[in-house]
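Each chain gets a letter, A, B and so on, in the order its sequence line appears, and its residues count up from 1.
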Amino acid sequence: MERENRNFIEEIIEKDLDEGKHGGRIHTRFPPEPNGYLHIGHAKAIFINFETAKKYGGKTNLRFDDTNPITEDTEYVESIKNDIRWLGYKWEGEALFASDYFEQLYDYAEELISKSLAYVDSSSPEEIAEMKGTPTRPGTNSPFRERPVEESLDLFRRMRAGEFEDGSMVLRAKVDMSSNNMLMRDPVIYRIKHASHHNTGDKWCIYPMYDFAHGQSDSIEGITHSLCSLEFIHHRPLYNWLIEKLEIFPSRQIEFARMNVAYMITSKRRLLKLVEENYVNGWDDPRMSTLSGMRRRGFLSKSIRRFCDVTGVAKRDNLIEMELLESIVRDDLNAVATRVMVVTDPIKLIISNYPEGHSENLTSVNNPEDESAGTHDMSFSRELWIERGDFMIDPPKKYFRLAPEKHVRLKGAYIVKAESYKTDEEGNITEVHCVYAPDSKSGEDISGIKVKGTIHWVDARSSVAVELRNYDRLFTDPNPLGHEDKDFIEFYNKESLIVNDGAKAEKYLLTVGDTEPLQFMRKGYYIKDKDSSPGCPVFNLTIGLRDSWAKKNKAKSQ
RNA sequence: UGACCCAUGGUGUAAUUGGCAACACAUCUGAUUUUGGUUCAGACAUUCUAGGUUCGAGUCCUAGUGGGUCAACCA
């Protein structure tokens, strides 16, 4: 993650460092709300917070922003921790919770009331909304704004004691109802919620709002740089106002543009809809933008980190092409994936001059990019499976695969020449008959035959059936949320999952580990799925290999 | 009819802070290849517009244009 250039956050930090601020200490935090699963957008926030701190010898806290008991749950706490660990980051000490500070926050609130900087408002939610005004029209003061300090204090204590119903009153900061910034118009900072909290149980029936919890938690933890996304920019004046009035540690909020990736969505609500309405099979469906989904898809955490790095940090809106992510995923996988042969749409190849009943073991290189990855054996005999697409009766020019009277190399084995074929009633090819050159064995070829193409194959007798789950982008539009007149679900890609249960794999595939990256040669990168059973191994397509032949043909046909 | 943020190839970020617009991805050419993969070489920009300051502006100033954000007892 080394870079010569500094992003704007690093520039700010280096300036602070130069000025000797906080004694050169750098401390960031990642503050998820435990109400959903982490997605690619969170990965960026995690990356920025952890990497920035690391770069300057600082620390990063994990703090759950758990101030709304209605939506939050411990289940999410565990999955979030797990995802952060998977991404390769270690937070400082134990995981922290805003709810750990409820007592302190309550004291801060009383302090504000005592300073006549907060008041209990007995207006209804509707009345408060009405008095708020609009962005172009100033708000009006609440009739309770000048309520005596003692009265507010008494009411606030009784709020805590549970004397009042939800919604009957709130605590508001006394800022400025005529501010251009809506958040400064006497924001609600405490509300009554008779609800059980995942951490504090029934101890509290009043809970602080985000604006009265987040900045204060930063301050309590001594966070020096509180890095968040652009939509919080309007909160900054309030963030600073509270720090100033409370006279607490001055954490500094800095906002960056969150990362948007084409064909992916990062809205918790909409991700939930995909799950609940069965457009996908759970939060960890390999098509999901969740970290658990991408992990199951076979993305390496390293690739996600690299992606976050390469896409940079700035303040302008962005929509990053998915090709960049795919390119990085391929690049990382290319270096480590074990090569195996799997025929996805098999037809029989019969070698007429190969002795019946005979078979031999050939050597297959595990990874041409990494000699230390070794080799494995492959069985070869008279009857093989090859791809339907690798044989054509009447091939176009520059078709380097098998065709009548044409030669092709069987990867890691011999050169064969097609002679005839058989079809079914519908004209589909069922068998191809060929002859092989016994002196063309891979590595010791003295046949002198020149071939243009090499195809993959699998020994018919020893092959095993496997299920392939081939994934494509979840949406047909790069920005499914960017259409005011259309619901994002209209762009759901019905072909985002195509199950292939007719593939034939070399036997070696059964011996690979559950998390071992694989390359099905000439096809794509795959990873074993948790749905595998001993009788039916299942593999997820992580990403297909680049296919310039297919691309060229597609371009031609258009 | 407000306030705030933003504007550099198709996309995303750079530009040693005022000094030859760079990198990656994408696209197109070509070479290599026992994966049509990988690898290698090459091509691809009037820095939103108009003024201004300056020997010199992507960078500073002014005005405009365009995009985004803000009215939850959500975070």
Side-chain angles (χ1 to χ4, degrees), chain A residues 3-7 11 31-33 35 65-68 70-72 98 121 124-125 128-130 132-139 166-172 179-183 185 187-193 206-207 209-211 213-214 228 230-237 255 257 259 262 268 310-328 330-331 334-335 339 341 365 368-369 398-401 408-413 415 440 442-443 445 451-456 478 519-524 544-553 555:
Chain A
R3 249 208 272 186
E4 290 274 327
N5 303 321
R6 288 156 295 149
N7 62 47
E11 281 178 6
E33 184 186 11
N35 70 345
D65 242 336
D66 56 348
T67 57
N68 186 355
I70 313 236
T71 57
E72 294 151 6
D121 194 332
S124 70
I128 289 177
E130 178 60 31
K132 203 115 197 175
T134 70
T136 53
R137 212 174 298 270
D166 289 10
S168 58
M169 55 186 73
V170 291
L171 183 69
R172 288 229 258 170
S179 172
N180 282 315
N181 184 339
M182 298 296 289
L183 287 156
R185 320 243 264 228
V188 172
I189 57 176
Y190 258 95
R191 75 297 211 185
I192 303 170
K193 273 182 195 282
I206 57 171
Y207 294 93
M209 296 284 289
Y210 166 83
D211 285 303
H214 193 93
C228 62
L230 238 37
E231 63 260 38
F232 291 97
I233 201 160
H234 296 104
H235 293 251
R236 194 171 67 217
E255 312 85 11
M259 180 176 73
K268 276 184 200 168
V310 164
T311 48
V313 180
K315 296 183 77 167
R316 66 189 97 122
D317 294 331
N318 58 77
L319 185 63
I320 296 156
E321 292 178 331
M322 201 152 80
E323 285 84 349
L324 178 57
L325 211 207
E326 294 177 339
S327 166
I328 289 170
R330 283 196 189 100
D331 189 51
N334 178 51
R339 270 65 168 175
M341 294 209 247
V365 173
E369 308 289 322
K398 296 207 173 169
Y399 182 82
F400 299 149
R401 307 173 191 179
V408 79
R409 155 83 58 189
L410 295 175
K411 175 75 183 172
I415 292 173
S440 67
S442 188
D445 182 1
V451 293
K452 272 291 202 3
T454 300
I455 64 171
H456 61 105
Q519 187 198 96
F520 292 0
M521 272 195 278
R522 300 211 302 139
K523 286 293 168 185
L545 251 30
R546 207 172 255 120
D547 190 347
S548 55
W549 170 248
K551 188 190 279 178
K552 193 183 276 183
N553 288 333

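Looking at every heavy atom in both residues, A:P125 comes nearest to A:G167 through CD-O, 3.9 Å.
Residue contacts for A:Y399: at a heavy-atom cut-off of 4.0 Å it reaches a base atom on one of the strands shown. Residue A:E11 is classed as a base contact, given a heavy-atom separation below 4.0 Å to a base. The residue A:G443 sits close to a base: some heavy atom pair falls under 4.0 Å. Counting non-hydrogen atoms under 4.0 angstrom, A:G139 reaches nothing in the nucleic acid. Note on A:L230: nothing from the nucleic acid sits closer than 4.0 angstrom, heavy atoms only. Counting non-hydrogen atoms under 4.0 angstrom, A:R137 reaches nothing in the nucleic acid.
Between A:A257 and A:I233, the residue whose closest nucleotide on RNA chain B is further toward the 5' end is A:I233.
Rounded to whole angstrom, the span from the CZ atom of A:R401 across to the C1' atom of B:U34 amounts to 15 Å. Atom CG of A:L410 is separated from atom P of B:U35 by 13 Å (rounded to the nearest Å). Taking atom CG of A:N7 as the reference point, atom P of B:A14 lies 7 Å away to the nearest angstrom. Taking atom CZ of A:F400 as the reference point, atom P of B:U34 lies 13 Å away to the nearest angstrom. Rounded to an integer number of Å, the gap from A:N318 CG to B:U11 C1' is 10 Å. Between the C1' atom of B:G36 and the CG atom of A:N553 lies a distance of 10 Å, rounded to the nearest Å. Atom CD in A:Q519 sits about 11 Å away from atom P in B:U35, given to the nearest Å. The interatomic distance linking A:N5 (CG) with B:U17 (P) rounds to 12 Å, in whole Å.
Using atom C1' as the reference point in both B:G9 and B:C5, the two lie 24 Å apart (nearest Å). For the P atoms, the distance linking B:A7 with B:A14 amounts to 10 Å, nearest Å. Only the C1' atoms considered, B:A21 is 27 Å distant from B:G30, to the nearest whole Å.
A:M169 places a side-chain heavy atom less than 4.5 Å from the side chain of A:I192. Using a 4.5 Å heavy-atom cutoff, the side chains of A:R330 and A:Q519 are not in contact.
With a cut-off of 3.5 Å on both pairing distances, the Watson-Crick and G-U wobble pairs of RNA chain B assemble into stems of 3 or more at B:2-7 with B:65-70, B:10-13 with B:22-25, B:27-31 with B:39-43, B:48-52 with B:60-64.
Two rings, from A:F232 and A:H214, have their centers 6.0 Å or more apart.
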Sugar-phosphate or base contact per nucleotide [nucleotides 19-30 of chain B; S, B, -; heavy atom under 4.0 Å]: -----SBSS---

Base versus backbone protein contacts along nucleotides 70-75 of chain B [heavy-atom cut-off under 4.0 Å; B, S, -]: SB-BSB

Nucleotides 6-8 of chain B: which of its N/O atoms have a protein N/O under 3.5 Å away?
none

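The backbone N or O of A:N35 lies less than 3.5 Å from no partner atom in the side chain of A:T71, so there is not a single donor-acceptor pair. A:D65 places no side-chain N or O within donor-acceptor distance of the main-chain N or O of A:A98, the cut-off being under 3.5 Å. One N or O on the side chain of A:R185 and one on the backbone of A:T134 form a donor-acceptor pair closer than 3.5 Å.
A:E321 is linked by a side chain to side chain contact (heavy atoms under 4.5 Å, CB included) to A:E323, counting only residues two or more places apart in sequence or in another chain. Under the side chain to side chain contact (heavy atoms under 4.5 Å, CB included) criterion, A:R316 pairs with no residue, sequence neighbours left out.
Residue A:R522 places no side-chain atom within donor-acceptor reach of the base of B:U35, judged by atom type and a 3.5 Å distance cut-off alone. For a distance-only test at 3.5 Å, the side chain of A:T454 fails to qualify as a donor-acceptor partner of the base of B:U35.
The neighbour count for A:E130 CD, taken as heavy atoms of other residues, nucleotides or ligands under 6.0 Å away, does not exceed 12.
Syn is the conformation of B:U17, whose glycosidic angle sits no further than 90° from 0.
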